[in-house]
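Everything below concerns the one structure shown next.
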There are 2 protein chains.
Amino acid sequence: MNQKTEKAPTMKDIARIAGVTQATVSYVINGSEDISEAVKKKVLDTAEKLGYIPNLVARNLKKRKTNTIGIIVPDVMNSYYSEMIKYNERIIRESDYFTFICNTMHDAQIEDWYIISLIQQKVAGVIICYGLTNRECYKKLYQHHIPFVVIDDETGIEGAEAPCVLVNHKKGSLLAVKHFVSMGIKDIAYCSEPLYNKALCDRYEGFNNAIREFGLENKRGRVYIAKEDNEYEKIELGYIATNEILSRGKPGGIFASTDQMAFGVIKRLNELKIAIPQDIAVIGYDNVPFSSIISPSLTTINQPIMKMCIHGTDTLYKIIKRDGSIDLKATLEPNIIIRQSAPKINKLAVN
Amino acid sequence: MNQKTEKAPTMKDIARIAGVTQATVSYVINGSEDISEAVKKKVLDTAEKLGYIPNLVARNLKKRKTNTIGIIVPDVMNSYYSEMIKYNERIIRESDYFTFICNTMHDAQIEDWYIISLIQQKVAGVIICYGLTNRECYKKLYQHHIPFVVIDDETGIEGAEAPCVLVNHKKGSLLAVKHFVSMGIKDIAYCSEPLYNKALCDRYEGFNNAIREFGLENKRGRVYIAKEDNEYEKIELGYIATNEILSRGKPGGIFASTDQMAFGVIKRLNELKIAIPQDIAVIGYDNVPFSSIISPSLTTINQPIMKMCIHGTDTLYKIIKRDGSIDLKATLEPNIIIRQSAPKINKLAVN
DNA sequence: CTGTTAGCGCATTCAA
DNA sequence: TTGAATGCGCTAACAG
């Protein structure tokens with residue numbers, strides 16, 4: 001416990017012991033070429049001996065920039081977002097940056113707290129992995145000249161445009177409806193979390209478009225959108241939605257706006273001994289890992305998460321390094337993963 | 001884009017405009033009492049007008065400490081750890097600290113990179129949510145006087161003792177075996193991830209103890225422990241383990257060392273149309289959210305995650321603030337959550 | 001090649 | 001109550 005009172009060794013300490021100037025130590029530590037081998041060795045040896053570790057706080061202050069990047073997600077427990085964290089974090093770490101992960105729970109106040117904190121910490125950039133509830137925050141980042149990119153949303157604020165990586169969710173919903181139709185299912189119900197961001201709005205709109213496109217408006221196409229102020233977990237929401245939908249008659253298929261909700265749907269249908277897919281087929285959205293584990297395994301819309309992350313971080317680095325050629329808006333395409341909950345069969349043909 | 005070139009306003013700027021000294025601004029910003037209302041107002045107004053946000057990098061350098069805490073987990077995708085992140089992050093945020101989340105994938109090199117980075121960043125403390133693979137890292141933290149607590153492991157290194165929060169995993173395994181026995185099941189198989197930390201070792205040891213205690217050594221109690229150098233995901237591991245176990249005869253129950261593995265077990269048994277729990281009952285460990293969603297829902301050993309986090313952060317704060325009365329070792333008790341995969345029935349009675 | 005010097009933005013001691 | 005002065009640990013001109 002004696003050590004506890006000792007201060008961490010600084011460049012000054014190394015300089016004193018090695019008999020050189022502190023500036024020279026700095027040169028050596030930072031790998032400057034113009035240093036004689038003898039001095040270099042002496043400095044590195046004493047640094048080693050003292051167990052020297054550079055103080056990044058001081059370095060950052062001096063350089064007026066940090067090697068830290070903030071990642072903002074709404075919910076680390078949602079594997080869709082934890083997957084984003086995983087990919088982003090790896091890319092960032094491999095470029096020798098460090099990550100601040102901010103978990104906002106879609107709460108506007110928490111978002112604000114984190115944005116302010118990131119600005120205070122002078123982060124080099126921010127990756128926002130969903131549409132912020134508190135849209136003022138986009139402005140704040142912009143005003144304080146913090147580079148940022150948004151995945152799955154557009155800032156849509158005058159003078160605070162930022163590069164965004166979008167997924168063609170309307171197409172995703174179309175793929176789902178199309179698949180139901182190919183199975184011979186025409187009465188399709190839709191359930192969704194509250195529409196608190198662009199991704200969920202687009203999925204809903206895409207569903208409506210597809211229904212119209214296939215001329216299914218009169219085929220009992222029904223919709224359940226959860227209210228914004230509910231306190232339920234996402235899975236419970238699917239459970240509740242299923243009850244709601246069934247109370248108005250049994251559809252041929254249920255399309256859930258997220259896998260989390262689809263899990264609730266499956267849970268409820270299993271409880272009610274309603275056969276999936278024979279009685280009701282189910283399609284989800286996100287392709288989270290568990291969608292392949294649940295029984296029946298879930299047919300779902302897959303988003304190219306890794307590509308989204310790579311594009312997002314690439315763009316962010318370009319802004320940070322002022323590389324110029326950034327595209328303000330990239331749109332990636334989703335695809336459908338067909339599993340047991342809505343397999344590749346034609347119901348009509350089977351009957 | 002004109003703004004882009006402007007520098008963020010500093011205390012000096014405020015001082016110049018408000019006609020006071022930079023020191024006075026510092027006093028006002030930090031809420032000193034001994035400042036006249038007039039000056040206070042003038043300073044705060046110009047700060048507001050300029051959109052001043054304090055530079056934490058500078059403040060941290062001056063105060064020689066930061067308000068940042070590191071959280072180290074092996075895998076953000078594992079909901080057991082993301083739950084820990086969620087609780088810890090909330091507690092930390094509410095105490096106005098900021099979180100560095102480090103995702104190591106159990107990789108010794110990544111662990112080392114993160115530990116060095118955290119030391120460089122001068123974090124106020126670190127919470128390690130599992131047993132580090134690279135045990136040298138404990139030493140490094142100690143040598144650099146970074147307060148840290150370990151959840152679910154003991155440092156076990158001479159001179160680098162740190163407070164730890166443990167779960168009585170031997171008891172957890174006992175609960176599982178006891179439940180199997182209460183169901184009339186005596187031939188119990190065990191499968192586990194590689195034993196790369198204390199938690200997994202204790203669970204295994206607890207299983208063996210329980211088997212002995214109930215006199216089941218000769219009842220086909222069999223074990224499958226995955227090799228350390230495999231590349232499989234945790235769920236696949238359970239899948240493989242099931243095949244391995246079945247190849248040596250059908251047990252009455254399978255106890256998996258983690259829910260992730262149990263999911264793989266259930267997946268494989270479902271595929272083989274082996275009825276759960278009628279043919280084989282299954283018990284997992286961790287009580288992750290999905291254990292209640294999967295079919296059949298999973299009987300599992302629950303760990304008091306929130307309590308563990310609260311105790312861990314409390315202890316860390318005590319060290320940071322030198323509060324004295326810390327207990328170096330807390331052990332919390334697990335409990336069993338009974339669901340469909342191993343329900344509360346007596347097989348013998350039913351037959 | 002190495003030393004001298006001057007801050008980065010802020011907190012804090014000491015005077016006034 | 002406020003101002004002047006100092007330095008946290010480091011980088012980066014500029015000199016020599």
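Chain letters run A, B, ... following the sequence lines, proteins first and then strands; every chain starts at 1.
Side-chain atoms of A/Lys62 and base atoms of D/dG9 include no donor and acceptor less than 3.5 Å apart.
The NZ atom of B/Lys65 sits 12 Å away from the P atom of C/dA11 (whole-angstrom rounding). As rounded to whole Å, 18 Å separates atom P of D/dC8 from atom CZ of A/Arg59. Distance A/Asp13 CG to D/dC8 P: 11 Å, rounded to the nearest Å. Atoms CG (A/Asn55) and P (D/dG9) sit 7 Å apart, rounded to a whole Å. Taking atom NZ of residue B/Lys12 and atom C1' of nucleotide C/dG7, one finds them 9 Å apart after rounding to whole Å. Rounded to an integer number of Å, the gap from B/Arg16 CZ to C/dG9 P is 12 Å. In this structure, the CG atom of B/Leu61 is 17 Å from the P atom of C/dG7, given to the nearest Å. Between B/Met11 atom CE and C/dT12 atom C1' there is a gap of 12 Å when expressed in whole angstrom units.
One finds no side-chain N or O of B/Arg64 lying less than 4.0 angstrom from the OP1 or OP2 phosphate oxygen of D/dC8. For D/dG9, neither phosphate oxygen OP1 nor OP2 lies less than 4.0 angstrom from any side-chain nitrogen or oxygen of A/Tyr52. Side-chain nitrogen and oxygen atoms of A/Asn60 include none within less than 4.0 Å of the OP1 or OP2 phosphate oxygen of D/dC10. The side chain of B/Lys7 contributes an N or O atom lying less than 4.0 Å from OP1 or OP2 of C/dG9.
When every heavy atom of A/Val150 is checked against every heavy atom of A/Tyr138, the shortest pair comes out as CG2-CE2, 3.8 Å.
Within the cation-pi definition used here (under 6.0 Å to the ring centroid, within 45° of the axis), B/Lys139 does not qualify as a partner of B/Tyr142.
No option in A/Thr104, A/Asp153, A/Asp75, A/Asp152 other than A/Thr104 meets the side-chain hydrogen bond (donor to acceptor under 3.5 Å, both in side chains) test with A/Tyr130.
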All N/O pairs under 3.5 Å across the protein-nucleotides 1-4 of chain C interface:
unit_1, atom_1, unit_2, atom_2, d
C/dT2, OP1, A/Ser36, OG, 2.7
C/dT2, OP2, A/Ser36, N, 2.8
C/dT2, OP2, A/Ser36, OG, 3.4
C/dG3, OP2, A/Thr21, N, 3.2
C/dG3, OP2, A/Thr21, OG1, 2.7
C/dG3, OP2, A/Thr24, OG1, 2.6
C/dG3, O5', A/Thr21, OG1, 2.8
C/dG3, O6, A/Tyr27, OH, 3.4

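Side chain of B/Glu111 to main chain of B/Asn134: a donor-acceptor pair is present (N/O by atom type, distance under 3.5 Å, no hydrogens or angles).
Ring-centre distance between B/Tyr114 and B/Phe100: not below the 6.0 Å cut-off.
The residues A/Glu136 and A/Lys140 are annotated as not salt-bridged, no charged nitrogen and carboxylate oxygen being separated by less than 4.0 angstrom.
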Between B/Tyr52 and B/Glu48, is the side-chain hydrogen bond (donor to acceptor under 3.5 Å, both in side chains) condition met? List the steps. CA-CA 6 Å; B/Tyr52 173 74; B/Glu48 166 83 0; over 6 Å; no
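Between D/dC10, C/dG9, C/dC8, one nucleotide has an atom nearer to the side chain of B/Thr10 than all others, and that is C/dG9.
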